[in-house]
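The structure appears right after this line, and notes come after that.
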Amino acid sequence: MLSVKQNLSKSFLRFFPILFLLIFFVMPILLWIFLNQNLFSIHSIIHPPFFKQFWVTGLIALITAVSSVVLSYPVALLWWVNKKTKWSVTIVFLVFVPIILGLLTRNYAWISILSYTPFQYSFEAVILVMLYIFIPFAFFILIQGFGNISNNTLEAAKIMGANIFESYGKVIFPQTLRHINIALFFVFANSLCYYITPAMIGGGKYDMIGNIVWKYVDKGLFAEASNISLTFIFYVLTIFTAVLFFIFRRRKNNLSR
Amino acid sequence: MKRLLYLFAVVQLIVGCHGNQSNKSTKITVVSYGGGSYHQSHVDAFIEPYKKLTGINIDPLVWNAEYGKLKTMVENKQVPWDVVEVTDAQFIRGKSENLFEKLTLLPDTSNFIKGTVNEYGVANVYWTTVLAYNINSFPNRKPSTWKDFWNVKDFPGKRALYDDPRGNLEFALIADGVSKDSLYPLDINRAFNKLDEIKPYIKVWWKDGTQPVQLLNDKSVDLTSAWNGRIFSLGSANTQIEFSWNGAVSELDWWVIPRGSNNIETASRFIVFASEPEKMAKQAQIVGYGPVNKTSFTYIPDSIRHQLSTFQKNWDASFVIDSEWWSENENAMMKRWIEWKSK
């Protein structure tokens, strides 16, 4: 039985994020659209300017998200297996070090490292450095998921006669699935807005949406910049909402099962 | 008579500043482009001497000529800057968008290159985008024109260009056989078609002036467009890079006072001070860009004089960008440039 007070605080907690979003996200966008009425139109949604760069941006973000989760998953698993030893601290430390270095330092370091390879200023180089930036984030999200696995379930699996692969596939993996989703989502959303790294590492050949917005702002062409951003936000929001809807519906199904 | 006027301006400058000395708290903010050797040239040639002469404190800042930043500042009436250096295209656009204050004082214009003094600002230097290359990549024939830049057979190697349509469209047309005197209005389609030819050989689209020099030194690329001052300021450290003035493009930079500045008087005086031939000569020797005050050349040693954008021989080989054309077409060109690059 919930008391009235608990009920209230619960409804407030539900209401608060919505209020927050309304004030800091929905309102600015509406204001933005209102101020740029003559520029922002259905036309630019149907025929987005820089359609190609939308794809480049999405592709870079998608590759980065999937690869960084795939690559950091085994490391997170290694951390979890060694959870009670000194190794786990070493692993966390090693993953953490690159974050301490500044973004620019990392970019310049990579440019000079890549100069010894045929990949300097290439698409592959962009992906590599994006991965380098985002793997730590994916890792830290994933170890949260591993940390939540309770030993009871593992012991239960062992008692039931599951071998190591079965207990991984049926017990461990499903419990980390949620954090895999979060990591994917986090890395994807963040890498969508990157522009310094692709510009520096890719030799200016792979313009992401952020680069184009920056170019327009740089020239003082605010209206064009905001038009591109708005169209981009429209697409990203549509896709994100669809993805989130899918994830939550599945979770709900899982719960009701 | 002109000379007398000039003298008058100087006297007024000094007297005026003495008047200000009672108010030691006067402080102006001077914002110049870029950083590196270029900013240093402003500090050494203009800012420090002005401080010494007048006792007025100057806060030297650096910006990357982001027009939007200046515009927002003026429109929001939050103007902490007093003197700002803008590009020629920005000067034209800023005048039409009413972003600048009129100067309260102007230098004697008789020795200035035509069109470099205006009631809203005084030009500082002509800076030039040249064709630069690593000498080790071309031991025999050296590339010297934009035709050579486009000629990947006789001049094989990786190339770089500025990530901006400005200048590059002109270079493409020159490479396609258009004379530098009949470029404007630009034949856009022809320029982009010509750029199509060179695109597969461009390894880097560079974004700021330090990049081309570094790219050439590392041999990441063999030839590129580059700002002449960046090569000049390497001085004796430069053992690998040479460049050509043929078909190089020069642009003006202007000193302006943003509308809403609190120190219009002092700012104007600073601008006039920075336009004196000796001061400009000193700057040119640090950075290698061309002073717009022709008298400056008498203060510059021969060895340096011939390396400047406004030295007659270089001036004749290169051309000046049509900023009027660019300020009208920049937006459309930018859009097409981004789309073209990702094609």
4.5 Å side-chain heavy-atom contact, B:Trp326 and B:Tyr184: yes
Would you please classify the geometry between the B:Trp255 ring and the B:His42 ring as parallel, tilted or perpendicular, with 30° and 60° separating the classes? tilted
Does either side chain, that of B:Asn189 or that of B:Arg336, offer a donor lying less than 3.5 Å from an acceptor on the other one? yes
For A:Trp214, is it the side chain, the backbone, both, or neither that has a heavy atom closer than 4.5 Å to a heavy atom of chain B? side chain
Most heavy-atom pairs under 4.5 angstrom with chain A, which of B:Lys219, B:Lys341, B:Lys71? B:Lys341
If we define contacts as heavy-atom pairs under 4.5 Å, which of A:Tyr206, A:Tyr121, A:Phe51 has the most with chain B? A:Tyr121
Does any backbone or side-chain atom of B:Asp218 lie under 4.5 Å from a heavy atom of chain A? Answer side chain, backbone, both or neither. neither
Side chain, backbone, both or neither: which part of B:Ala65 has an atom under 4.5 Å from a heavy atom of chain A? backbone
Test of understanding: with salt bridge (charged side-chain N to carboxylate O under 4.0 Å, His left out), list the residues that count as partners of B:Asp88, not counting sequence neighbours. none
Would you give me the side-chain donor-acceptor pairs under 3.5 Å for residues 56-65 of chain A, sequence neighbours excluded?
residue: A:Thr57; atom: OG1; partner: A:Gln53; partner atom: O; Å: 2.6
residue: A:Thr57; atom: OG1; partner: A:Ile209; partner atom: N; Å: 3.0
residue: A:Thr64; atom: OG1; partner: A:Ile60; partner atom: O; Å: 2.5

Please determine, by modelled atom types, if B:Trp127 and B:Asp253 share a side-chain donor-acceptor pair under 3.5 angstrom. yes
Side chain, backbone, both or neither: which part of B:Leu215 has an atom under 4.5 Å from a heavy atom of chain A? side chain
Worked check of side chain to side chain donor-acceptor pair (under 3.5 Å) between B:Tyr133 and B:Thr224: CA-CA 6 Å; B:Tyr133 53 91; B:Thr224 175; over 6 Å; no
Under a 4.5 Å heavy-atom cut-off, does chain B meet the side chain of A:Lys52, its backbone, both or neither? side chain
Chain A: which of B:Met334, B:Gln90, B:Glu339, B:Lys335 shares the most heavy-atom pairs with it under 4.5 Å? B:Lys335
Give, as side chain, backbone, both or neither, the part of B:Glu97 having an atom under 4.5 angstrom from any heavy atom of chain A. neither
Tell me, for B:Glu330 versus chain A, whether the close heavy atoms (under 4.5 Å) come from the side chain, the backbone, both or neither. side chain
Proximal component of B:Lys199, with respect to chain A [non-hydrogen, under 4.5 Å]: neither
Measuring heavy-atom distances to chain A, does B:Lys207 have an atom under 4.5 Å in its side chain, in its backbone, in both, or in neither? side chain
Does the separation of the ring centres of A:Phe54 and A:Phe232 fall below 6.0 angstrom? yes
For B:Thr29, the side chain to side chain contact (heavy atoms under 4.5 Å, CB included) test, sequence neighbours excluded, returns B:Val31, B:Asp59, B:Leu61, B:Trp81, B:Asp82
For a quick check under 3.5 Å, do A:Tyr73 and A:Thr176 share a side-chain donor-acceptor pair by atom type? yes
Non-hydrogen contacts under 4.5 angstrom with chain B: give the residues of residues 15-23 of chain A involved, or none if there are none. none
Counting only N and O atoms by type, is there a donor-acceptor contact under 3.5 Å from the side chain of B:Arg159 to the main-chain atoms of B:Phe149? yes
Classify the ring geometry between B:Trp146 and B:Phe171 as parallel (under 30°), tilted (30 to 60°) or perpendicular (over 60°). parallel
